[in-house]
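Note on naming: letters A, B, ... go to the chains in the order of the sequence lines (proteins, then strands), and numbering restarts at 1 for each one.
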4 protein chains.
Amino acid sequence: MTHLIVKAKGKKTETKQAIIDAAIVLFQMHGYNGTSVRNIAAEAHVNVALVSYYFGSKKALLEHLMEMFFREYIQEIEEAIPWQNKTSSVCECLVQLAIKLLHYQQKNFYLSLLVHREVTIDSILVRELMTTYLMKEKYLMETIFEEGIRKHEICDIPIDLLVLQYRDMIVTPFLQPLYLRKVHVLEPSQSLFIDRYAEMIRTWIVQIKQGV
Amino acid sequence: MTHLIVKAKGKKTETKQAIIDAAIVLFQMHGYNGTSVRNIAAEAHVNVALVSYYFGSKKALLEHLMEMFFREYIQEIEEAIPWQNKTSSVCECLVQLAIKLLHYQQKNFYLSLLVHREVTIDSILVRELMTTYLMKEKYLMETIFEEGIRKHEICDIPIDLLVLQYRDMIVTPFLQPLYLRKVHVLEPSQSLFIDRYAEMIRTWIVQIKQGV
Amino acid sequence: MTHLIVKAKGKKTETKQAIIDAAIVLFQMHGYNGTSVRNIAAEAHVNVALVSYYFGSKKALLEHLMEMFFREYIQEIEEAIPWQNKTSSVCECLVQLAIKLLHYQQKNFYLSLLVHREVTIDSILVRELMTTYLMKEKYLMETIFEEGIRKHEICDIPIDLLVLQYRDMIVTPFLQPLYLRKVHVLEPSQSLFIDRYAEMIRTWIVQIKQGV
Amino acid sequence: MTHLIVKAKGKKTETKQAIIDAAIVLFQMHGYNGTSVRNIAAEAHVNVALVSYYFGSKKALLEHLMEMFFREYIQEIEEAIPWQNKTSSVCECLVQLAIKLLHYQQKNFYLSLLVHREVTIDSILVRELMTTYLMKEKYLMETIFEEGIRKHEICDIPIDLLVLQYRDMIVTPFLQPLYLRKVHVLEPSQSLFIDRYAEMIRTWIVQIKQGV
DNA sequence: CATGAATGAGCCTTCATTCAT
DNA sequence: GATGAATGAAGGCTCATTCAT
């Protein structure tokens with residue numbers, strides 16, 4: 001009896017996950033509006049009606065994916081704020097955070113792609129995500145840079161521009177992977193990529209450091 | 001007589017332009033797949049069939065818009081290569097080019113938005129644009145940086161990463177304007193924005209300059 | 001329980017059949033290109049989308065109908081080849097086959113009409129049907145006439161022309177029923193028609209018989 | 001001045017003829033409903049609006065073509081009735097008429113094709129053509145057969161069936177040319193075809209002759 | 001005579017979703 | 001939980017025709 005329920009629940013989770021995986025791949029590839037619920041169901045080897053059944057609607061499925069992404073993304077940042085790692089310098093902390101976020105996005109490659117692109121479109125959902133997660137992201141990053149400036153580790157450049165540039169470098173590989181791939185022959189999904197790319201970020205941080 | 005001909009010709013151009021304008025606004029707002037030909041026709045106050053009549057298909061209309069954008073965009077870069085402006089330094093040239101491209105994108109605000117986002121999706125068209133225009137963009141930018149390094153104006157940092165970062169800063173305001181607007185309270189479409197943003201780019205260029 | 005399953009299955013078959021019936025009537029009446037999917041759906045009292053749902057496309061629906069017709073049509077011929085009815089003469093066999101085929105077409109009156117007319121238009125589908133079914137029809141009929149000539153029952157007239165003429169007589173009432181109806185006041189769909197028309201075929205066969 | 005008018009008129013006829021020719025080819029190939037006015041205009045290298053201008057409507061163009069065909073077709077029959085050629089026998093007259101009509105249709109190959117197929121569809125136009133031309137055709141042919149029976153040249157077989165069979169043989173090559181071409185490897189548009197095919201008709205006429 | 005822009009209706013197909021089973 | 005038939009709206013596009021030039 002218990003076994004049956006567990007199995008049932010297992011099957012439920014399995015189906016739900018299959019839909020999520022399929023949606024991530026297809027949304028990333030063809031965009032939200034370019035992907036049909038039937039495409040997703042087919043890719044997931046699942047009945048069409050189950051998408052509505054589990055997620056309510058196609059839109060709600062997208063929301064679910066985006067929330068998934070941002071929740072963990074923000075958590076990664078929170079865990080990296082400097083006063084939690086008192087030993088290291090702020091600059092080192094910025095480098096480590098960048099690397100963490102790059103790894104997080106690489107691990108969730110397709111999901112990151114779709115989220116970053118879809119955030120580009122103005123909609124109620126996106127505005128909510130902006131105020132909920134991206135403002136928090138900005139706030140947290142600002143906090144780190146402020147700490148760096150306070151400690152005279154970092155030049156006194158306007159903080160918002162520092163954050164903008166910093167975040168940009170972290171996001172770009174997963175917003176324009178096709179550009180990197182085709183034009184720069186860089187493959188953001190490859191593990192070696194981050195090593196090289198982090199070097200660039202490190203260089204940038206060195207440059208904004210207070211000249212000795 | 002002449003007047004009549006002009007008027008007649010004007011009507012065609014007028015309709016075509018109305019469709020283009022409407023398409024730019026709507027594609028930018030809801031994405032290509034989120035915009036219907038009927039939406040465009042309605043926005044342009046024009047009969048639905050005229051979209052097919054003038055552009056062949058919705059897809060061809062998008063292609064037209066993208067080609068429009070890139071052709072002039074590349075031209076702006078070509079006109080800015082340093083040995084055409086012998087008086088100025090390479091670094092100054094890079095700043096001037098950045099400002100030019102920011103202005104070009106600001107002038108074609110919605111068009112830039114839609115192009116940058118749509119280039120994010122893998123498709124035959126996008127791959128063609130990549131090889132036709134974006135590889136040229138990269139080549140031209142590389143040429144400038146190479147000149148800078150050759151002249152010992154710029155630190156010997158890997159050129160591809162310099163280009164990547166440089167282009168990033170130029171493109172971001174028009175790829176993620178919503179993020180800038182909502183999170184950073186910056187309005188990339190405002191003329192004041194460029195003044196401030198250019199300052200950031202200038203700072204970055206100062207940082208990659210060969211220390212004296 | 002069984003009842004429910006039967007009913008469920010019945011509903012699908014019911015809808016599919018309604019579409020088929022409606023399509024036959026309308027294709028026959030206004031031609032394939034003169035009939036819209038909406039016309040068919042309306043005639044079948046069924047949602048428009050179900051035509052695509054069950055048959056994939058309007059074209060595939062036509063193909064389905066034609067295959068339906070020809071499969072059984074050829075089977076009727078195969079069952080009538082003389083050495084399966086050893087008792088009767090070849091000539092009698094030809095008469096019987098003609099009557100069988102007339103009855104088959106009369107039973108599937110509208111279907112026959114549409115098939116024969118649509119076969120008149122050059123297309124990939126039609127070419128396939130030609131090589132798959134009509135060449136087989138020709139081959140089978142030739143075999144019968146050959147047997148008749150071998151047995152000296154039938155005059156030694158070129159076989160291809162015999163087949164052409166024979167098939168013609170069988171097909172015409174269902175290719176030009178309007179002509180028969182309006183000009184000759186013959187109604188090929190009436191059961192009496194075949195009796196009379198078969199007499200004509202019988203006369204023709206008597207004429208090609210070896211004079212005693 | 002006169003020259004100009006003549007030239008203008010010549011151009012008019014030229015355009016009209018180009019449309020007619022194009023329409024015949026395309027209607028024959030893809031059917032009336034499968035051909036668009038734009039297809040015709042393109043094939044004729046003529047502006048779209050001119051089809052409506054010269055013929056009023058697409059339907060009227062079809063009517064024009066059909067009338068064209070039937071008017072001359074009937075005339076061919078009228079010129080062949082036996083008492084106008086008193087020297088020859090009725091049977092020979094029937095053979096000659098068949099050959100004439102085959103030649104007429106071969107000369108107007110595509111036109112014949114389209115007319116015969118389009119007559120297959122029930123419509124007001126077709127019903128009019130039936131009563132105007134095809135009933136006359138039947139009447140004229142009956143007259144000839146009656147003469148043959150009266151003169152004891154032809155067996156006393158029901159006249160309507162004789163006419164049906166006779167007309168059938170004449171029309172079939174131009175109603176089902178694809179069938180003849182693909183299945184029987186006969187090319188009704190080739191001049192040699194008629195020689196062979198007429199032999200078949202001759203044989204048929206010999207068979208319905210009063211045995212001596 | 002000829003043009004081509006414009007129209008509104010219609011084409012076939014696909015959409016996200018619902019519902020009875 | 002899962003199925004697949006069913007729905008009504010909307011998708012992109014083509015149609016025959018008109019009309020100002």
Out of dA2(E), dA16(F), dC19(F), minimum distance to the side chain of Ala49(D) belongs to dC19(F)
Using the ring centroid of each side chain, check whether Phe69(C) and His116(C) are separated by less than 6.0 Å. yes
Out of dA16(F), dA6(E), dT3(F), minimum distance to the side chain of Leu50(B) belongs to dA6(E)
Side chains of Gln17(C) and Asp21(C): any donor to acceptor distance under 3.5 Å?
yes
| Backbone N or O of Thr35(D) within a donor-acceptor pair of the Lys58(D) side chain at under 3.5 Å? | yes
Between Asn47(B) and Lys59(C), the residue closer to the 5' end of DNA chain E by nearest nucleotide is Asn47(B)
Between NZ of Lys58(A) and P of dG11(F) the distance, given in whole Å, is 12 Å
If pairing means Watson-Crick or G-U wobble with both distances under 3.5 Å, then the partner of dA9(E) is dT14(F)
Per the under-4.0 Å heavy-atom filter, residues of residues 32-44 of chain B near DNA chain F come out as Thr35(B), Ser36(B), Val37(B), Arg38(B)
So CG of Asn108(D) and CD of Gln28(D): to nearest 0.5 Å the spacing works out to 12.5 Å
Looking only at dG4(F), dT7(E), dG1(F), the nucleotide nearest the Tyr53(C) side chain is dG4(F)
Rounded to the nearest 0.5 Å, the CD1 atom of Ile19(C) sits from the CG atom of Asn47(C) at a distance of 9.5 Å
Paired to dA20(E) by Watson-Crick or G-U wobble criteria (both distances under 3.5 Å) is dT3(F)
Whole-Å distance, Ile19(B) CD1 to dG12(F) P, equals 14 Å
Checklist entry - Side-chain donor-acceptor pair under 3.5 Å between Glu67(A) and Tyr133(A), yes or no? => result yes
Taken to the nearest whole Å, CZ/Phe55(C) to P/dA6(F) is 12 Å
Regarding the side chain of Thr15(D), the nearest nucleotide among dA2(E), dT17(E), dA5(E) is dA2(E)
Looking at every strand, decide which applies to Tyr54(A) at a 4.0 Å heavy-atom threshold: base, sugar-phosphate, or nothing.
sugar-phosphate
Glu14(C) atom CD is separated from dT21(E) atom C1', nearest whole Å, by 16 Å
Assign each of Ser57(D) and Ser52(B) the nucleotide of DNA chain F bearing its closest heavy atom; nearer the 5' end lies the nucleotide of Ser52(B)
If pairing means Watson-Crick or G-U wobble with both distances under 3.5 Å, then the partner of dT14(E) is dA9(F)
Next on the checklist: Students often mix this up, so state it plainly: with edges at 30° and 60°, are the rings of Phe55(C) and His64(C) parallel, tilted or perpendicular?
Outcome noted: perpendicular
Taken to the nearest whole Å, CG/Leu62(D) to P/dT17(F) is 12 Å
